[in-house]
A.B. asks: 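Before we start, here is the structure in question, set down as structure tokens.
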Protein chains: 2
Amino acid sequence: MSRAANRAYSVIRDRILSGELPAGAQLGEEALADLCGVSRTPVRDALRRLEGELLVKRSDSQRCFVADWSIDDVADAFELRAMLEGHAARRAADRMTEAALQRLRAANSAIREAISAEPADITGFLEHNRAFHGLILESAQSPRLAALLATLIEQPVVWRTAHHYGREALRRSHGEHEELLAAFARRDGAWAEAVMVAHIRRAFHAYADAHHGLGAIDGQGR
Amino acid sequence: MSRAANRAYSVIRDRILSGELPAGAQLGEEALADLCGVSRTPVRDALRRLEGELLVKRSDSQRCFVADWSIDDVADAFELRAMLEGHAARRAADRMTEAALQRLRAANSAIREAISAEPADITGFLEHNRAFHGLILESAQSPRLAALLATLIEQPVVWRTAHHYGREALRRSHGEHEELLAAFARRDGAWAEAVMVAHIRRAFHAYADAHHGLGAIDGQGR
DNA sequence: GCTGTTTATATTGTATACAAATTGAACTGG
DNA sequence: CCAGTTCAATTTGTATACAATATAAACAGC
């Protein structure tokens, strides 16, 4: 996608993720065009992409709004992500080359360094974490699986959450990655899948605890 | 989506599914616009939708082509579909209302009638089969799951295949639906999931047998 | 004869003007 | 005061013109 469309996509996405455009806010094409300094045409493209990623919802008659992610929606997305990434891990265990395994180890080392930095380098953590999961997905060799997961990993939620993680949680994440590496090294797909599912489901609960209190779910959405 | 965009979508989609636009054929926006009798703008929208459904592939630099589905691609898609619809069946078993169960029974009865017609009413079969699976997905109550499956169920492949099915295969499909209904009636999610996974994986092998011979896979794509 | 560059052509990206449709408010009749 | 209707304002859909870019062909130099 080219300049203007990408620009529109990035700007709108950032405004949604930062909360500047709150859940439920109407996304008029002309207003967004002004905001991004482009015409309506690329804005329309951007809205379609964002709609595919479920950050934008279309009303019955084609008006766009910022999607609101209730805790149930988030749970739903995490559950699917756990299933799909678990499946990816299983496939990857059977297909991973030695070179890919090396790169995976390097990625997790980079994660460890980001965590150990003072203060912890959250941006670096996110970046390398993304690379780690991306490499597994690559080794799974299923373009369709990758396409499906793409709509789930770019959640509004994940990004805002990581900054709330303590060093404790980050270390645990790193440790689970180490266990994944061990499973890959042994070519044990079932093990890899189980670890991955646990890894992601734990991430969900970390999110839920941080955003909705440790006790019951408050039910009022985000 | 409105008139012209829908029109473009339908026309292009039909041409792809019918094989009139063969795999690998370039999809120039202007040519398609002429073909559909609309301007390039709605064609672009249609191409985006079709790209999401993986019927259209974009080259490195934004040129569109008819996607080619190799047997590996089809296997990949069916595997994911089995997993996701299995998951949907499990969820549906816990959430299905009595009313939904009734509608599901009605849908399968309609399927039986379509099969029994002389000659077998393939179009009716497909329609009611679609409704059957749609109802389960609805009862699963996971919008995101529905969105993911939407990209997998509309395969070029499925439609062209059903016409090759014998009455035998259609009846088996109906029988598996009956077993699903039993699982739903008992609220046995694990049973429902297992039956659904088997149902879809069998469908894949029926496809593979019909299109690539019963023995080894020929590997030359469709 | 081959490689790298230039130029022409084809194709997609963007902006804008206008048409169609939807929403919401003002208004009329009861 | 409320229901239904009409009309204005807002918003999205479509067409078209033009700009930017990529592909492919012609060509020059080696």
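Numbers restart at 1 for each chain; the letters A, B, ... are given by sequence-line order, proteins then strands. For clarity, every value in this text was computed on a predicted model and none was experimentally measured.
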A.B. asks: Tell me, please, which residues at least two apart from A/Leu32 pass side-chain contact (heavy atoms from CB on, under 4.5 Å).
C.D. replies: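 A/Leu32 satisfies side-chain contact (heavy atoms from CB on, under 4.5 Å) with A/Ile12, A/Leu27, A/Leu35, A/Val43, A/Leu47 once adjacent residues are dropped.
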
A.B. asks: Figure out the CG/P separation between A/Asp34 and C/dT14, and round it to whole Å.
C.D. replies: 17 Å

A.B. asks: Could you list the residues that satisfy side-chain contact (heavy atoms from CB on, under 4.5 Å) with B/Ala131, not counting sequence neighbours?
C.D. replies: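 Result, side-chain contact (heavy atoms from CB on, under 4.5 Å) vs B/Ala131: none returned.
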
A.B. asks: Given that A/Thr41 and A/Ser59 both sit by DNA chain C, which one's nearest nucleotide is further toward the 5' end?
C.D. replies: A/Thr41

A.B. asks: What are the atom names and distances for every N/O pair under 3.5 Å that joins the protein to nucleotides 7-12 of chain D?
C.D. replies:
unit_1, atom_1, unit_2, atom_2, d
D/dT11, O4', A/Arg63, NH2, 3.0
D/dT12, OP2, A/Glu29, N, 3.0

A.B. asks: Could you check how far CG of B/Asp45 sits from P of D/dT14, rounded to whole Å?
C.D. replies: 7 Å

A.B. asks: Would you mind checking if A/Arg144 and B/Asp73 are paired as a salt bridge, meaning a charged N to carboxylate O distance below 4.0 Å?
C.D. replies: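 Answer for the salt bridge query: yes.
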
A.B. asks: Provide, to the nearest angstrom, the distance between the CG atom belonging to B/Asn6 and the C1' atom belonging to D/dG13.
C.D. replies: 12 Å

A.B. asks: B/Arg7 CZ to D/dA15 P: how many Å, rounded?
C.D. replies: 10 Å

A.B. asks: According to salt bridge (Lys or Arg N to Asp or Glu O under 4.0 Å), who are the partners of A/Arg58, at least two apart in sequence or on a separate chain?
C.D. replies: A/Glu51

A.B. asks: I'd like to check the side-chain contact (heavy atoms from CB on, under 4.5 Å) partners of B/Ala114; sequence neighbours left out, ordered by chain and number.
C.D. replies: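 Testing B/Ala114 for side-chain contact (heavy atoms from CB on, under 4.5 Å), a comparison that skips the adjacent residues, returns B/Asp121, B/Phe125.
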
A.B. asks: Check this one for me: any side-chain N or O of A/Ser39 less than 4.0 Å away from OP1 or OP2 of C/dA15?
C.D. replies: yes

A.B. asks: Is there any salt bridge (Lys or Arg N to Asp or Glu O under 4.0 Å) pair reaching into residues 30-42 of chain B, and which pairs are they, with sequence neighbours excluded?
C.D. replies: B/Glu29-B/Arg40

